[in-house]
Amino acid sequence: MKLTISPDKHYFMKDGKPLFLMADTNWSAFTHPDLEEWREYLDFRREQNFNAVQMNLLPQRHSCTPRQWIHPFTVTSEGRFDYSCIRTEYFDHVCQYLDEMAAREMQPMIVLLWGNFVPGTWQGIRDAGRTNVEEKPYYQPMTITEMEHFLQYVIPKLREYNPVFLVSGDVNLSEDVVHYDTVQDQMGANPETVSFYHKALQVTKSLAPDCLTTLHIAPKVVLPAQLIEASELDFYMYQPGHVYSEPQLNRTLAQDIGSYPVSRPIYNSETSYEANIYFDRSQGRFDERWIRRAFWQGVLSGANAGFTYGAGGVWLWRQNQNFCSERGDLGLVNDWRDDIRLPGAYDMGFAKMAADTIGFYDLKPASDLIQNNPCEEMVCAANDDQSKLVIYMPFSWPMSVNADLSGYHVYGVDLEKRWALTPAFSVQDGITSFRQLRYNHDYLIVACKE
């Protein structure tokens, strides 16, 4: 059965039942691991309770150096892709890897056109003067005609795997130079880029009407009306990004998208990768507690369709300490076999189990129920009749909610230790007050009406 959208446009369904997607990031899946490594990787992630992988169809601009670049197009003597000459063996190789996913019942989530293949994106600024794709898949935008030719070949080849098509990849839609530390530079829409992706979205949907489509975007992007209103767009993705200074984006971006005029499922597609360095600090790495906060704050703020996790040495596929980037900080990750075992991956497997057990599909943001929450770090979601409440606390703190939980089954989970708890609380004048939990860990509290 295919992945579909729920009737209320809030979550995914498969076989007529709600489905929460828990994906891993492996942008270089089709260019870096050999077949045995790919099988090992899939088996490991499936055991960790992941049910999807987010990948780039074409060679990834930010990746480690592979054993040998596998090119999807003929390379000219000048070191540029000839988009008129598609190398069919590359895409046969892709299908072989997708066969392995199908055998494990894992959902492919495939980026079709990363920003370095599209006109008017920030990748063109970053790669100015560099064109030799034998070194890296540097910025070389397709024309509309080349894009249509490419999609008309590849979509019929891939659609039998029922993938989710991420039509765009890491695009900020900005007009001028990029500054990652300002919202303004991410807000404006480049008309050429927007029109290109709108056309790509239309072509993709026309060729694969039963496959879900979305747009993978850069941090703090506000989609222009042309794309919000596009009937071919099935759900929203957002990217909180990889900076230490703005952890709130995991929840605020979900809240912002929830106010769009067209309702669709919301998905957190790229939060900080575990063990990656901070992009806005000279030192430091994201750890599993950061990942847990990103997950729970996003899900309970409206992004309850799914989540994509990432691990430092896996997303760019580092092996044998090979070279990763001209940005030296991206090289400061371990090999993929080390980072596939990071604790945050197991936390996400546990979170997926919680999603399946509790049922996130009918939850809507309800953090206004929490009293005395000035930093808005504690978040809450509830179903329509408030017979089910889920609360996340990133730290131990006395907490009260504007709801009478008498007659509810209330339980807690220490997310750091994965301990089951029975939190103490009292009810007075319709307000439920919880006693501060004993350790400075992060916690989940679930209340279900009996």
Side-chain angles (χ1 to χ4, degrees), residues 25-34 37 55-94 97 110-151 153-154 166-172 174 176-178 180 190 192-193 196-197 200 216 218 279 313-333 335-336:
T25 304
N26 194 332
W27 292 129
S28 298
F30 300 131
T31 56
H32 284 51
D34 63 28
E37 290 170 335
M55 307 164 286
N56 199 343
L57 177 60
L58 300 176
Q60 173 73 11
R61 170 64 182 83
H62 295 295
S63 65
C64 290
T65 304
R67 297 178 179 92
Q68 180 180 0
W69 280 112
I70 307 172
H71 295 304
F73 310 98
T74 298
V75 178
T76 69
S77 58
E78 292 79 25
R80 297 180 65 81
F81 286 133
D82 181 350
Y83 291 132
S84 67
C85 295
I86 294 173
R87 298 185 68 220
T88 58
E89 60 267 33
Y90 177 91
F91 296 98
D92 291 341
H93 166 86
V94 167
Y97 278 42
I110 303 175
V111 172
L112 294 173
L113 294 161
W114 201 264
N116 53 316
F117 295 98
V118 175
T121 63
W122 65 265
Q123 286 90 340
I125 301 163
R126 177 68 61 81
D127 286 348
R130 294 184 289 187
T131 59
N132 187 356
V133 298
E134 294 286 8
E135 299 172 359
K136 283 272 188 178
Y138 292 124
Y139 178 75
Q140 186 187 328
M142 297 181 183
T143 64
I144 291 285
T145 301
E146 289 169 333
M147 174 266 287
E148 290 180 316
H149 172 68
F150 167 63
L151 293 181
Y153 169 78
V154 77
L166 286 60
V167 177
S168 65
D170 204 23
V171 287
N172 64 340
S174 65
D176 300 306
V177 296
V178 176
Y180 289 100
N190 183 327
E192 182 183 20
T193 306
F196 187 98
Y197 275 125
H216 179 279
F279 279 13
V314 177
W315 71 270
L316 38 59
W317 202 264
R318 193 174 202 199
Q319 53 193 24
N320 302 322
Q321 298 298 307
N322 56 343
F323 179 75
C324 282
S325 174
E326 66 277 359
R327 280 188 61 180
D329 51 16
L330 288 183
L332 299 176
V333 293
D335 282 11
W336 72 270

Tell me, with the steps shown, if Thr121 and Trp114 meet side chain to side chain contact (heavy atoms under 4.5 Å, CB included). CA-CA 10 Å; Thr121 63; Trp114 201 264; over 6 Å; no
How long is the straight-line distance from CG of Leu166 back to CG of Leu57, given to the nearest 0.5 Å? 11.5 Å
The criterion is salt bridge (charged side-chain N to carboxylate O under 4.0 Å, His left out); which residues satisfy it with Glu148, sequence neighbours excluded? Lys199
Heavy-atom pair with the smallest gap, counting every atom of Ser84 and Asp82: OG-OD1, 2.5 Å
Just jot down the side-chain hydrogen bond (donor to acceptor under 3.5 Å, both in side chains) partners of Glu135, sequence neighbours excluded, or say none. none
Who are the salt bridge (charged side-chain N to carboxylate O under 4.0 Å, His left out) partners of Glu37, not counting sequence neighbours? Arg67
Once the angle between the rings of Trp27 and His216 is folded into 0 to 90°, is it parallel (under 30°), tilted (30 to 60°) or perpendicular (over 60°)? perpendicular
Could you measure the distance from the CE atom of Met55 to the CD1 atom of Ile110? Nearest 0.5 Å is fine. 4.5 Å
Should Arg61 and Asp127 count as an ion pair when the cut-off is N to O under 4.0 Å? yes
Can you tell me how far the CG atom of Asn26 sits from the CH2 atom of Trp315, to the nearest 0.5 Å? 11.0 Å
Check salt bridge (charged side-chain N to carboxylate O under 4.0 Å, His left out) between Glu146 and all other residues, then give those that pass, not counting sequence neighbours. none
NE2/His62 to CG/Asn116 distance, rounded to the nearest 0.5 angstrom? 8.5 Å
How about His149 and Tyr83: are their ring centroids closer than 6.0 Å? no
Can you list everything that forms a side-chain contact (heavy atoms from CB on, under 4.5 Å) with Pro141? Sequence neighbours excluded, please. Pro119, Tyr139
Run the side-chain hydrogen bond (donor to acceptor under 3.5 Å, both in side chains) test against Trp336 and tell me which residues pass, sequence neighbours left out. none
What are the two closest non-hydrogen atoms of Arg318 and Val333, and how far apart are they? NH1-O, 2.7 Å
Identify, with sequence neighbours excluded, every residue that meets side-chain contact (heavy atoms from CB on, under 4.5 Å) alongside Thr131. Arg80
Kindly write out the residues that satisfy salt bridge (charged side-chain N to carboxylate O under 4.0 Å, His left out) with Arg87, not counting sequence neighbours, or none if the list is empty. Glu89
Kindly give the heavy-atom pair with the smallest separation between Tyr197 and Val167, and that separation in Å. CE2-O, 3.5 Å
When every non-hydrogen atom of Val75 is compared with those of Glu134, the smallest separation belongs to CG1-OE2, 3.8 Å
Over all atoms of both residues, closest heavy-atom pair of Ser28 and Pro33: O-CD, 3.3 Å
Work out which heavy atom in His32 is nearest to a heavy atom in Trp317; give both atom names and the distance. CB-CD1, 3.4 Å
Nearest-0.5 Å distance that lies between atom CZ in Phe91 and atom CD1 in Ile86: 6.0 Å
With sequence neighbours left out, write down each residue that passes ring-ring contact (aromatic ring centres under 6.0 Å, His included) with Tyr97, or none if nothing qualifies. Trp38, His93
By side-chain hydrogen bond (donor to acceptor under 3.5 Å, both in side chains), which residues pair with Asn56, not counting sequence neighbours? Gln60
Go through the structure and list residues passing ring-ring contact (aromatic ring centres under 6.0 Å, His included) with Phe150, not counting sequence neighbours. Phe73
Qualifying residue for side-chain contact (heavy atoms from CB on, under 4.5 Å) with Met147, from Val118, Leu113, Leu112: Leu113
A side-chain contact here means heavy atoms from C-beta on lying under 4.5 Å apart; do Phe30 and Ile70 qualify? no
Please enumerate all residues that pass side-chain hydrogen bond (donor to acceptor under 3.5 Å, both in side chains) together with Asn132, with sequence neighbours excluded. none
